[in-house]
Amino acid sequence: MGINMKAYVLHGINDIRLEEVAKPQIGEDEVLVKVKAAGVCGSDIPRIYTTGTYSYPLIPGHEFSGVVEAAGGEGGQEWLDRRVGIYPLIPCRECAPCRKKQFEMCRHYNYLGSRCHGGFAEYAAVPVWNLIQLPEGTAFEEAAMLEPMAVAVHAIRQLGLEGQETVAVIGLGTIGILLAMFLREMGIQRILAVGNKEFQRETVIKLGIPAEDYCDSRQGRVDEWLQEESGERGIDAVFECVGKQETVAQAVRNVMPGGRVQLVGNPASDILLERNDYWKILRNQLTVKGSWNSSFTHEDSDDWHYVLQRLAGKRIDPGQFITQKFPFGQLEEGLHIMRDKSREYIKIEALL
């Protein structure tokens with residue numbers, strides 16, 4: 001093995017460079033992962049081009065998979081040559097949420113690709129604790145989508161949905177689409193999807209959602225449509241996957257009395273509820289929940305194992321949502337597509 005590798009290094013806002021850097025030095029509790037596929041998350045775009053990150057230089061990328069090539073200590077030896085997915089959040093394992101195994105809510109976490117070097121590189125140093133073995137037959141491209149899929153699953157599993165309920169998904173970006181996929185897989189019979197692109201409409205139809213159960217928000221009739229489709233009773237549960245004041249209010253206004261609103265979308269700006277919408281929460285005794293990241297506890301019951309079980313059983317097909325694949329040396333082209341919205345996309349990946 002050579003001592004250098006190629007990596008995309010962020011030196012400052014809007015200053016990302018593909019360059020040769022030293023391979024990571026791995027610690028006692030770490031392994032060296034040869035990256036095979038890396039996905040671009042929507043959060044990577046502002047981190048690289050507008051808002052910046054915690055420190056520089058930084059190698060971004062938190063959605064990736066690969067093969068363990070070296071181990072820093074005895075604990076990593078059993079992982080050598082294994083195909084792995086990577087949980088990107090590195091918890092302190094000492095704070096109050098961590099003691100409850102709620103690692104996604106750690107108060108003092110580190111994070112691959114935003115607080116420390118991540119997966120937009122030929123190699124990455126990863127704590128042994130953050131590895132998950134891939135089932136036979138799982139492609140690296142699919143495994144690079146484990147993180148966003150687990151985020152979608154985490155939001156769904158908090159609500160305890162039943163098959164006969166009517167569920168609405170407002171916002172059909174990557175997470176919204178994956179939510180719809182898992183809702184279909186778990187047997188939810190009626191899924192109402194709200195998007196704003198013809199491409200999104202075509203995608204949910206391919207998932208098996210009838211065309212009449214899709215609403216284009218550009219027509220300005222989301223409230224009326226949701227009420228009509230629910231027979232004026234309101235929706236049982238609504239997933240808000242946009243993060244804007246308008247869509248949060250739509251979710252609150254159109255869920256049924258005693259219904260549930262799951263907030264998933266990262267906020268694009270301040271979100272303020274009008275008084276009448278706030279009254280809806282009180283008078284209809286709504287459950288409004290937040291969802292953040294995903295559960296990873298090394299137990300079969302966590303979100304990551306939930307996803308892997310369905311991948312292994314061929315019950316889901318996330319590969320259909322990889323709309324653009326680039327050789328590693330052309331990853332910036334994918335970043336620009338997402339930054340400029342120059343082409344339709346769901347998930348963009350670099351393959352190594």
Side-chain angles (χ1 to χ4, degrees), residues 135 137-138 142-143 145-195 200-215 225-241 250-251 254-265 286-291 293-297 299-322 346-347:
T138 299
E142 294 175 329
M145 293 179 67
L146 279 172
E147 197 273 341
M149 286 194 287
V151 166
V153 162
H154 190 64
I156 291 171
R157 295 175 81 196
Q158 292 196 58
L159 293 194
L161 299 172
E162 298 179 3
Q164 72 275 14
E165 292 187 296
T166 297
V167 178
V169 179
I170 300 177
L172 297 173
T174 302
I175 299 299
I177 292 291
L178 293 175
L179 262 163
M181 177 183 73
F182 281 106
L183 290 169
R184 285 279 299 165
E185 186 276 332
M186 72 183 297
I188 299 299
Q189 296 171 13
R190 187 93 193 278
I191 303 168
L192 302 175
V194 179
Q200 294 172 348
R201 176 181 176 274
E202 294 168 359
T203 301
V204 296
I205 289 173
K206 286 179 183 175
L207 276 174
I209 296 173
E212 59 268 24
D213 287 346
Y214 174 85
C215 175
W225 182 77
L226 288 172
Q227 287 300 316
E228 290 167 4
E229 294 300 316
S230 68
E232 307 298 330
R233 63 186 282 275
I235 311 297
D236 293 288
V238 180
F239 292 89
E240 195 286 332
C241 302
Q250 286 169 349
N254 293 291
V255 72
M256 68 181 297
R260 296 96 87 203
V261 174
Q262 183 71 67
L263 302 178
V264 186
L286 303 182
T287 298
V288 180
K289 299 192 70 173
S291 183
N293 215 291
S294 56
S295 68
F296 181 72
T297 62
E299 297 165 351
D300 287 345
S301 58
D302 71 26
D303 297 328
W304 283 62
H305 284 86
Y306 181 102
V307 174
L308 278 182
Q309 289 157 12
R310 280 144 187 81
L311 271 177
K314 306 297 183 185
R315 293 169 61 179
I316 55 174
D317 177 22
Q320 65 182 304
F321 303 127
I322 305 173
I346 299 176
K347 179 52 65 178

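Source: prediction; values computed, not measured.
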Least distance between heavy atoms, [X] atom then [Y] atom:
X	Y	answer
Ala150	Asp303	O-CB, 4.0 Å
Lys314	Gly137	NZ-O, 3.6 Å
His154	Ser295	ND1-N, 3.6 Å

Polar contact flag, side-chain donor to acceptor under 3.5 angstrom, Gln158-Ser291: yes
Return the [atom1] to [atom2] distance between [X] and [Y], rounded to the nearest 0.5 Å.
X	Y	atom1	atom2	value
Arg260	Phe239	CZ	CZ	8.0 Å
Met149	Ser294	CE	OG	11.0 Å
Tyr306	Leu311	OH	CG	12.0 Å
Glu229	Thr166	CD	OG1	9.5 Å
Arg157	Asp302	CZ	CG	7.5 Å
Glu232	Gln227	CD	CD	5.5 Å

So, do [X] and [Y] sit near enough that their side-chain heavy atoms are less than 4.5 Å apart?
X	Y	value
Val264	Gln262	yes
Leu226	Cys215	no
Leu192	Tyr214	no
Lys347	Met145	yes

Could you list the donor-acceptor pairs under 3.5 angstrom formed by side chains in residues 170-189, with sequence neighbours left out?
from   : atom 1 : to     : atom 2 : distance (Å)
Thr174 : OG1    : Ile346 : O      : 2.6
Arg184 : NE     : Leu207 : O      : 3.0
Glu185 : OE1    : Arg310 : NE     : 3.2
Glu185 : OE2    : Arg315 : NE     : 2.8
Glu185 : OE2    : Arg315 : NH2    : 2.4

Side chain to side chain contact (heavy atoms under 4.5 Å, CB included) partners for Val255, two or more places apart: Val238, Val261, Leu286
Worked verdict on Lys289 versus Glu240 for salt bridge (Lys or Arg N to Asp or Glu O under 4.0 Å): CA-CA 10 Å; Lys289 299 192 70 173; Glu240 195 286 332; over 6 Å; no
Worked check of side chain to side chain contact (heavy atoms under 4.5 Å, CB included) between Val167 and Ile235: CA-CA 6 Å; Val167 178; Ile235 311 297; 5.5 Å; no
Derivation and outcome, salt bridge (Lys or Arg N to Asp or Glu O under 4.0 Å), residues Asp213 and Arg190: CA-CA 8 Å; Asp213 287 346; Arg190 187 93 193 278; 3.0 Å; yes
